[in-house]
There are 2 protein chains.
Amino acid sequence: MLKITRKVEYALIALKHMQTKEDESLTTAKEIAYQYNVPQQLLAKSLQQMSKNHIIEATKGINGGYRIKANLNGISLKDFFEKLEGPLGVMDCYFDSECQISGCNVKAPIERINDNIRKMLSTMTLEEVTQ
Amino acid sequence: MLKITRKVEYALIALKHMQTKEDESLTTAKEIAYQYNVPQQLLAKSLQQMSKNHIIEATKGINGGYRIKANLNGISLKDFFEKLEGPLGVMDCYFDSECQISGCNVKAPIERINDNIRKMLSTMTLEEVTQ
DNA sequence: GATAAATACGATAAAATTTATCGTATTTAT
DNA sequence: ATAAATACGATAAATTTTATCGTATTTATC
Ligand code: FES
Ligand code: FES
C-alpha cells in the first residue's frame, strides 16, 4: 500500500547521480546500471520517459548519453510522478472508470485523502529530493 | 502507485455503514456484503482485523455482528492504515530490510517523502473520513 | 562504408502482490 | 440439536510489477 515503484526509484537514482556530475558531461544508462547494480534495460525505460517529458535530454549515437535538461526546482513531485506513471489516484475510480462497488459510500472521503496526498506532493520539488 | 487496497476500502465502507445506524444495533458482514455487493469473506477479514484492533467490537453467535467501539475522532488515518496493513512505507527498505540496491543514493530523499505522507495522514482522522 | 556503442521501444516472460475462495472451527440464541 | 454468526489458516485466481528479449535507429570513429 502506498508504494513507490522501481520505475520511479530508478529515475530518482539516475537524476541524483547526474546531478553530482559536471553540467556538460553525459551519463549512460550502462554507467548507472553498473554503479548501482540495477537492470539496465529497465533503467533505460525510466530515462527514456524522462527524456520524452523533457526532464533530461538524450544524445544518441556512440558517444551518447543523458544529461539533466529541466530546472528541477520547477517540477513538483506530483508532476514528476504523473509524468512517469500517469494520473495519481489512491483508487482507480476517478480516472479510469466509475466505482466498481455498487453505491460505494466512501468515494467522496477517499477523494479527500487523494486530494491531500496530491496537495502534499505538490509542495515538494524534484530538486529538494535529489539535492 | 500509491494505491489504497480493497482490504482498507472494505473496512472504510463498513465503518461508514455502521455509523449511519443506531448506536446499539449490530451489523453483520452478510448485510454489508449484500448491500454493497462485496465479497463477504474478504470483508469479514477486514472486520475481524478492526475488531482485533478495538476499532469495532464483535459479538459471536446466531444474533451476532459488529458495532463501532472506538472514538473515531481519536484514530488518525495513519494509525488506521497501519492497524490494517502494518508499517506505512513508500519503499520497503526501512522496516523490512536494508536497501536492495547497492549504495542506493536516494534512501534519505525517499524517507523524506515517506515522512511527509505519514505526517499528512496523521492529521486526518477516521471520523473525518467516515462522517 | 563498415563497425561499435549508444538510445528507443514493442512484445513477452517471470515474479510478486493483491484479491478472492475454500474448508473448518467456534460461539451462542432459539 | 440446529442455525446463523464470527474466526482464521490454507490455497487458488487474478492482477500488477518487474525484468528480459529482440530489433531498430542513431552517430562517432576507423
Ligand atoms: S469503489 Fe470507487 S471509491 Fe469505492
Ligand atoms: S533501495 Fe532502499 S531507498 Fe533505494
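Chain naming here is simple, since letters A, B, ... match the order of the sequence lines and numbering starts at 1 in each.
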Sugar-phosphate, base or nothing in reach of B:Ala29, heavy atoms under 4.0 Å
sugar-phosphate
Any donor-acceptor N/O pair under 3.5 Å between D:dT20 base and A:Lys45 side chain:
yes
Rounded distance (Å) that lies between atom P of C:dT26 and atom CG of B:Asn63:
21 Å
Approximate separation, where rounding is to 0.5 Å, of B:Phe81 CZ and B:Met124 CE
8.5 Å
Atom CD of A:Gln40 to atom P of D:dC21: distance rounded to whole Å?
13 Å
All stems with DNA chain C, defined as three or more consecutive Watson-Crick or G-U pairs under 3.5 Å
C:1-30 with D:1-30
Quick note, B:Ile62 side chain, CB onward, closest among D:dA28, C:dA29, D:dA7 is C:dA29
Nucleotide nearest A:Tyr66 when distance is taken to its side chain, options D:dA5, D:dT27, C:dA8:
C:dA8
Take A:Met1 and A:Lys52, find for each the nucleotide of DNA chain C with the closest heavy atom, and name the residue whose nucleotide sits nearer the 5' end.
A:Lys52
Considering just the side-chain nitrogens and oxygens of A:Tyr10, establish if one lies under 4.0 Å of OP1 or OP2 belonging to D:dT18.
no
Ignoring the backbone of A:Pro39, work out which of D:dA28, C:dT7, D:dT20 is nearest its side chain.
D:dT20
Let's see if you get this right: which residues in residues 53-61 of chain A place a heavy atom under 4.0 Å from DNA chain C?
A:Ala58, A:Thr59, A:Lys60, A:Gly61
Looking at every strand, decide which applies to B:Lys3 at a 4.0 Å heavy-atom threshold: base, sugar-phosphate, or nothing.
nothing
Does either side chain, that of A:Thr5 or that of A:Glu85, offer a donor lying less than 3.5 Å from an acceptor on the other one?
yes
Output the rounded distance in Å from CD1 (B:Ile13) to P (C:dT19).
13 Å
